[in-house]
Number of protein chains: 2
Amino acid sequence: MLSFVEENYLKAIYHLSNSGAEAVTTNALAEEMHTTPASVSDMVRKLSKKEVVHYKKYQGVNVSEEGKLIALRVIRKHRLWEVFLVQKLDFNWDEVHDVAEQLEHIKSPLLIQRLDEFLGFPKYDPHGDPIPDENGQFTESKREALSNTETGTTGVVVAVEDSGTAFLKYLDKVGISIGSKITVDDIIEFDGSMDITIDQKKSITVSKTVANNIWLA
Amino acid sequence: MLSFVEENYLKAIYHLSNSGAEAVTTNALAEEMHTTPASVSDMVRKLSKKEVVHYKKYQGVNVSEEGKLIALRVIRKHRLWEVFLVQKLDFNWDEVHDVAEQLEHIKSPLLIQRLDEFLGFPKYDPHGDPIPDENGQFTESKREALSNTETGTTGVVVAVEDSGTAFLKYLDKVGISIGSKITVDDIIEFDGSMDITIDQKKSITVSKTVANNIWLA
DNA sequence: TATTTTTTTTAGATAAACCTAAACAGTATC
DNA sequence: GATACTGTTTAGGTTTATCTAAAAAAAATA
Ligand SMILES: [Mn+2]
Ligand SMILES: [Mn+2]
Ligand SMILES: [Mn+2]
Ligand SMILES: [Mn+2]
């Protein structure tokens, strides 16, 4: 059984490696975990001994098959709790992440099974991220970052980055949510910012940073 | 902010002292926490420095006003989560305690406020224990242990001890739950066991230990 | 009251997770 | 190819919460 700190490391490694595709550097992991490279080296050696990561000195780290499943189960819990908070307790989508960071470490298979059932077996969390099943399986619907589209494109917002409160509050302010229809009117060469129309009504300009964090399908 | 270990100590001190009435001995606390007297001495000194307990060497320990409020807020969370698990997730009353022991340490005032609302502001948990409000206030309804009653007494089960799974499963088996009407038919002098009738239908004999853990009103 | 027993505290160690500072490996630059 | 720079690991130390063993205080018994 892993500690909640170890679970958080595993989750971070999984995310930084693009779901296990690439090796993660010590520095990148240190930044993600808000800690020092030295601490990361210690922890990664420990996780390696527990065989939940593959690791060779100076070569970076990645999740093992076992580690990947553990990470996906924590992610499953995180996203189910986020659905609960929004759908049942009327939390706004910008208020759920920090609480879910705590709730994701509660150990009780029965609890998660029943919660899933109570919520009607949701497939996506409030930010549009897919919820893995007990075996780590989920359907990866193809989606494209708004920043990657061309002028004239029209698409529906299927997900947004679940990072900080500030970004989500900004989306609330300009009226973008999951399901919004976005039309790309113009792309400014200089800085990559975009003129877009939301639900064929409101036209606004968003920075490249914002466009990077909105996914369309 | 206290660690979850410190919160658990505070809660144990509060319970063992009869809600703060008496001083708790080091040995009693060690047994309750499944740890050693030496560890308790260490922790109690630490809690004393944080002013959440009153403590003088060799004199036992008790919660301070501040510590009492912290303990009651943890108890509030524990009991609200137990209600959630039973009423919303269909847990049996013997399955909730261990999960609630984890959930009670989640830090989010908004979560608890909303959970309370979602549950319809319950006053009692699934075992009949009162749920304190945000300020630690709760109505202590007068109740009497079944073992303290006399032959011929009739009463309604208002609470049962929320200790282990075994006891609650036993109550399920014999058909005792919150709200059951109990009549005391006979008390066996030798060992204090009691012949009782449940809901004017089923007659059984319960040991003194069992009778000690059932409260009537 | 003196002695024994019990309870409690202190001393010294350990493991987890972190830190800073120093050493080492790998890469880029002259 | 030597030198500088960046990234990573190791060494050594801290804090929290635990432990065992020994010392000290309080309570019980003779
Ligand atoms: Mn989240
Ligand atoms: Mn999310
Ligand atoms: Mn309980
Ligand atoms: Mn209870």
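Every chain is numbered from 1, with letters handed out A, B, ... down the list of sequences.
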To the nearest Å, how far apart are [X] [atom1] and [N] [atom2]?
X	N	atom1	atom2	result
B:R45	C:dT8	CZ	P	17 Å
B:M43	D:dT15	CE	P	16 Å
B:K57	C:dT7	NZ	C1'	15 Å
B:Y55	C:dT9	OH	P	3 Å
B:Q59	D:dA24	CD	P	19 Å
A:E6	C:dA15	CD	C1'	12 Å
B:N27	D:dA27	CG	P	14 Å
A:N8	C:dA16	CG	P	17 Å

message: Distance check, rounded to the nearest 0.5 Å: B:H54 atom NE2 versus B:E65 atom CD?
response: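 B:H54 NE2 to B:E65 CD: 7.0 Å, rounded to 0.5 Å.
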Which part of the nucleic acid does [X] contact within heavy-atom distance under 4.0 Å: base, sugar-phosphate only, or nothing?
X	value
A:T36	base
A:F4	nothing
A:S41	base

Output the single nucleotide from [options] whose closest atom is nearest the side chain of [X].
X	options	answer
B:S39	D:dG7, D:dC19, D:dA24	D:dC19
B:D42	D:dC19, C:dA21, D:dT8	D:dC19
A:Y58	C:dT8, D:dA11, C:dC24	C:dC24

- prompt: Judged by modelled atom types alone, do A:E22 and A:N18 share a side-chain donor-acceptor pair under 3.5 Å?
  reply: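 Judged by distance alone, the side chains do pair up.
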- prompt: Do A:T151 and A:D186 have side-chain atoms, one donor and one acceptor, less than 3.5 Å apart?
  reply: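 Per modelled atom types, A:T151 and A:D186 side chains form no pair under 3.5 Å.
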message: Ignoring hydrogens, what is the shortest heavy-atom contact between A:F91 and B:R114? Give both atom names and the distance.
response: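 Smallest interatomic distance, heavy atoms only, reads N-NH1, 3.7 Å.
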Taking OP1 and OP2 of [N], is either one under 4.0 Å from a side-chain nitrogen or oxygen of [X]?
X	N	value
A:Y9	C:dA16	no
B:S3	D:dT16	no
B:T35	D:dC19	yes

query: If you draw a 6.0 Å radius around CD in B:E144, do more than 12 non-hydrogen atoms from other residues or ligands fall strictly inside?
result: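 Atom CD in B:E144 is packed in, count exceeds 12.
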